[in-house]
Amino acid sequence: MRFATVLAPLLLTGLAVAQNNSTNSSDVVTVMVGGTIDTPNGGIFQFIPNNVKASNGTVVRFMFTGMPGNHSITQSSFSAPCTDLEGGFDSGWVSIPNEGVQPAPEWNLTVTNDQRPLWFFCKQLIPSPHCIAGMVGAINAADDGDNSFDNYKQAASQVSPTEVDQTQNGLVGQGASASQRPSPIPSGANLFPDASAPAGSGSGSGSGTGTGTGDAPTTTSPSGATNILATMNSGLIALVAGVSVMFLA
Ligand SMILES: *[C@@H]1O[C@H](CO)[C@@H](O)[C@H](O)[C@H]1NC(C)=O
Ligand SMILES: *[C@@H]1O[C@H](CO)[C@@H](O)[C@H](O)[C@H]1NC(C)=O
Ligand SMILES: *[C@@H]1O[C@H](CO)[C@@H](O)[C@H](O)[C@H]1NC(C)=O
Ligand SMILES: *[C@@H]1O[C@H](CO)[C@@H](O)[C@H](O)[C@H]1NC(C)=O
Ligand SMILES: *[C@@H]1O[C@H](CO)[C@@H](O)[C@H](O)[C@H]1NC(C)=O
Ligand SMILES: *[C@@H]1O[C@H](CO)[C@@H](O)[C@H](O)[C@H]1NC(C)=O
Ligand SMILES: [Cu+2]
């Protein structure tokens, strides 16, 4: 069972390095980008963990382990949770096929100002806006008060689908920056815009047109997150079986 052999090492690696709150810049905080259909608390559409702390100089290591997946890490603001923050960081999209890839692509974001909260979302609209579905995260959010992570996530769930932003921002954000685009991109995975696009060109149509009908895509592409709904319909049994094998192994 292919799911079992691919998934088990990824999950075990993620758990082994779990370090969600760091006050020591030698630590690495690992965030998994996307889940699988049967991951608790949001399935495919989530960052795990989604609320972390990281001091100046700490690397937040985003790993694109969700499968299928086609996700981004895009900085926003508390008040506009699904809209790119001007001058904010942006990984761009990385697509992962149903069966995953190894090694997982990753994106290292280094915190440069731990005195402000950093809010981010996934800007993918297919099959429905991930941000609204709960694919949001925070670094150094206050534990309570109005600007808590829970309030941010709640606000994201209220955003109109036409407002989820598609602008492509750069590697250097406000309060955190990356030095390169996600890598490696093994065969089967894809980076959008592709690696030849200049980082931080700031282009992008912003014309999101999600239908929200939930119809399975009719594309001829055999893989990738365009098939998330098809996977939900036809691949659920395979996924559940794969995970069962993993836990029995
Ligand atoms: C930070 O972590 C490094 C590596 O684990 C360790 O050597 C160092 O003592 C730690 N610094 C502090 C202030 O705890
Ligand atoms: C870190 O986050 C993961 C995923 O949310 C969670 O399972 C784990 O318990 C967290 N670790 C700590 C030490 O809180
Ligand atoms: C991300 O940072 C970790 C920890 O420093 C490092 O092991 C890894 O190679 C880095 N990944 C990339 C793609 O730079
Ligand atoms: C982290 O860096 C920012 C920007 O330079 C600075 O304002 C802040 O005081 C630093 N944080 C700590 C705990 O020194
Ligand atoms: C880590 O930080 C999160 C977000 O602030 C908080 O909810 C959680 O309790 C912290 N976990 C630990 C082990 O300190
Ligand atoms: C991933 O998403 C990007 C941006 O929406 C899109 O251009 C691309 O076609 C998608 N790729 C796959 C394999 O779904
Ligand atoms: Cu996403």
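Atoms within a ligand are numbered from 1 in the order they appear, just like the ligands themselves. Heavy-atom basis, side chains included; hydrogens, waters and symmetry copies ignored.
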Next item on the list: Scan Val111, Thr58, Val59 and name whichever one has a side-chain contact (heavy atoms from CB on, under 4.5 Å) with Val29.
Entry: Thr58
Next item on the list: Would you confirm whether Tyr152, through its side chain, and Asn147, through its main-chain N or O, come within 3.5 Å as a donor-acceptor pair?
Entry: no
Next item on the list: Taking atom 14 (O) of ligand 1 as the reference point, report whether a protein heavy atom occurs under 4.0 Å from it.
Entry: yes
Check: Just heavy atoms, cut-off under 4.0 Å: does Gln124 contact ligand 6 by side chain, backbone, both, or neither?
Finding: side chain
Check: Is the closest N or O pair between Asn70 and ligand 6 shorter than 3.5 Å?
Finding: yes
Notebook entry, point to check: Quick one: do the Ser148 and Asp150 side chains pair a donor with an acceptor below 3.5 Å?
Noted result: no
Check: Taking N or O atoms only and a 3.5 Å limit, does Asn24 qualify as a polar contact for ligand 1?
Finding: yes
Checklist line | atom 4 (C) of ligand 1: nearest protein contact (heavy atom, Å) | finding: Ser26 CB, 3.8 Å
Check: Considering only heavy atoms of Ile48, which atoms of ligand 2 have at least one such atom less than 4.0 Å away?
Finding: 4 (C)
Check: Can you tell me if Thr74 and Asp90 form a side-chain donor-acceptor pair at under 3.5 Å?
Finding: yes
Checklist line | Atoms in ligand 6 with a heavy atom of Ser95 nearer than 4.0 Å | finding: 13 (C)
Note to self: For Ser22 and Asn24, which I'm curious about, is there any donor-acceptor pair between the side chains at under 3.5 Å?
What the structure shows: no
Margin query: Protein non-hydrogen atoms only, distance under 4.0 Å: does atom 7 (O) of ligand 1 have such a neighbour?
Written below: no
Check: Can a donor-acceptor pair be found between the side chains of Asp84 and Asn169 at a distance below 3.5 Å?
Finding: yes
